[in-house]
Structures are given as C-alpha cells and as structure tokens.
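Worksheet: the structure to be examined is printed underneath.
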Amino acid sequence: MTVKGIDVSSYQSATYSTKGLDFVFVKATEGTTYINPRMTAQAAHARRNGLVVGFYHFLRPGDMKAQARYFVEKCPSVEGDPLFADWEDSGVSCAQKDAFLAEVKRLRGAAHRVGLYCNQSYWTTRDTTSNAGDALWIADYVAAGAPRIKARWTFHQYTDRPLDTSLGAFADRAALRRWATGSTAVPSKPTPKPSGTCVVRAGDTLSGIAARYGTTVAKLAKANGISNPNLIRVGQTIKIVK
C-alpha cells in the first residue's frame, strides 16, 4: 500500500481539498528573496485535517548556504516536518544542490528529514552523486509508483492534473508519520511547543522564530527582554507570545 499527497504553492488557495490525502508539501521559499505568502495558512489547513506536512525550497543560482538559512528561517516548520530542496533550475549544479542539502541538514537535521525533489531527467542526466539526503522525491509522469529510475525513491510525483500529486512509499499515514517524526501522534495545534517556549537552534533568527510561531519580532523581544533582536544565542530559551 502507499500514501497519497499533493504539493501546493501560492497558485493554490489556503483551503484546498484534503479529501483522500495523507500529506501536503508546501512551497516555502525561493532563492533568498521570495516567500510563499500563503504557506503558513496552507500548512495550518493541512495540520487541522490531520495530514503530514512538509516544506520545500526552490533552488536558484547563488549562495547555497544563504539559501539554506533563508529557507529554515522563513518556513513555519515544526519538528518532524520533512524539508526538501526543489532542484529544477538548470543554473544550479549538482554540487550546489548537495551543498544546500548539507547546510539544511546541519541546521535542522537533528529534528527534520531533509530530502530532494527533482524530475527524472535531472536525476538520470544531471545528478552525479546520487545524493538525495534522507529522501528522494522524484517527478516522473508515468504510472503511479513506477518512476523510471533505479534508485530507491520515497515519494513519486506522477501527475500535475488537477494538482501536483504524489505517492509515498509507506504502508499508511501512520507509517509515514513515524518516518517523519518518530511518533504516530497527530499534533493538535500547528505550534511546535505546547509549553510556549522555543530553544534557539543553529541558524535561528528572532524573525524566523516569529514567523514559525505566528507572532512578531517586537512581541518576542518585549516578552524576553531582548534589546537587540539581531542578537540571540544557540540554546537560549525564547518565551513565545502572540
């Protein structure tokens, strides 16, 4: 058996149908200048309906470490959400793709699966390292579950009609959630810490934490006595207020 899901971007609404779905992967960012304005609402909609949520970043030519930081700081992920590199731009090399995966893994690998999305042509003709991180999400518009690659895949995007739709190589949603989070528990809220606190991780910024928890930098700075919002330290506990 397999699980079924879709991926959404700003082209889709925040109240898309979740009927028959087990997971949703949301476009978060692109390069170092674009943020999907609907990503927070789209992710929250999926969580309310009990789906596994993931995020992806569209790679553009440039500094891969900067793009990785931008991605993890801006996307409203919670621990256990898979994070993907979307490799479609011909100006991004295989080495750069690998560098992005490595940096996201360094920044968030302790709490997230980090994987690669690309099409069958990129995987078979442009990739030279067979590096997809923790999961290969392959796009190949053929029979569902039968992409034309030899490598082991985790997700197969098999159509874009009416939406980009994928199968996951898991027996059921519970198995997918165990792989993603190590637990079958369904989060009751989209906030990652019911306790109302957040421990600063490598690569975090106060603005990124604010975006992740649906609050503002000003509110977090005031609640935590932070005079300079640009100065927070790894391991620091931030009280979350909204």
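Because only heavy atoms are used, hydrogens play no part in the values below, and waters and symmetry mates are left out as well, while side chains stay in.
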Under a 4.5 Å side-chain heavy-atom rule over Ile, Leu, Val, Met, Phe, Trp and Tyr, are Tyr70 and Met64 clustered together?
yes
Hydrophobic clustering (ILVMFWY, side-chain heavy atoms < 4.5 Å, transitive) - are Leu167 and Val3 grouped together?
no
State the [atom1]-[atom2] distance between [X] and [Y], to the nearest 0.5 angstrom.
{"X": "Asp7", "Y": "Tyr117", "atom1": "CG", "atom2": "OH", "result": "6.5 Å"}
{"X": "Phe84", "Y": "Cys118", "atom1": "CZ", "atom2": "SG", "result": "11.5 Å"}
{"X": "Asn36", "Y": "Gln12", "atom1": "CG", "atom2": "CD", "result": "9.0 Å"}
{"X": "Arg108", "Y": "Glu73", "atom1": "CZ", "atom2": "CD", "result": "7.5 Å"}
{"X": "Arg38", "Y": "Ser9", "atom1": "CZ", "atom2": "OG", "result": "9.0 Å"}
{"X": "Leu116", "Y": "Trp123", "atom1": "CG", "atom2": "CH2", "result": "6.5 Å"}

Taking side chain as C-beta onward, heavy atoms only, is Ile226 less than 4.5 Å from Ile238?
yes
Quick one: does Val53's side chain get under 4.5 Å of Val78's, heavy atoms only?
no
Is [X] salt-bridged to [Y], cutoff N-O under 4.0 Å?
{"X": "Arg148", "Y": "Asp140", "result": "yes"}
{"X": "Asp127", "Y": "Lys97", "result": "yes"}
{"X": "Asp81", "Y": "Arg47", "result": "yes"}
{"X": "Asp134", "Y": "Lys105", "result": "yes"}

How are the rings of Phe71 and His57 set relative to one another: parallel (under 30°), tilted (30 to 60°) or perpendicular (over 60°)?
tilted
Once you measure the plane-to-plane angle for Trp137 and Tyr56, does it fall in the parallel (<30°), tilted (30-60°) or perpendicular (>60°) bin?
perpendicular
Which atoms form the tightest heavy-atom contact between [X] and [Y], and what is the distance?
{"X": "Gly145", "Y": "His156", "value": "N-ND1, 2.9 Å"}
{"X": "Thr2", "Y": "Gly168", "value": "CB-O, 3.3 Å"}
{"X": "Cys198", "Y": "Ile240", "value": "CB-CD1, 3.9 Å"}
{"X": "Leu59", "Y": "Asp89", "value": "O-CB, 3.5 Å"}
{"X": "Pro61", "Y": "Val92", "value": "N-CG2, 3.5 Å"}
{"X": "Ala14", "Y": "Gln42", "value": "CA-CG, 3.8 Å"}

Any sub-3.5 Å donor-acceptor pair from [X]'s side-chain atoms to [Y]'s backbone N or O?
{"X": "Thr215", "Y": "Val241", "answer": "yes"}
{"X": "Asn131", "Y": "Gly133", "answer": "yes"}
{"X": "His45", "Y": "Tyr16", "answer": "yes"}
{"X": "Ser93", "Y": "Gln96", "answer": "yes"}
{"X": "Gln157", "Y": "Asp164", "answer": "no"}
{"X": "Arg126", "Y": "Ser90", "answer": "yes"}
{"X": "Asp160", "Y": "Leu163", "answer": "no"}

Please report whether the ring centroid of Tyr141 lies less than 6.0 Å from that of Tyr158.
no
Output field: ring centroids Phe170/Trp179 closer than 6.0 Å:
yes
Set out, in order, the CA-CA distance, both residues' side-chain angles and the distance that settles salt bridge (charged side-chain N to carboxylate O under 4.0 Å, His left out) for Lys4 and Asp22, then state yes or no.
CA-CA 5 Å; Lys4 183 179 179 181; Asp22 299 289; over 6 Å; no
What's the verdict on side-chain contact (heavy atoms from CB on, under 4.5 Å) for Val104 and Val72, showing C-alpha distance, side-chain angles and the deciding distance?
CA-CA 7 Å; Val104 175; Val72 301; 4.2 Å; yes
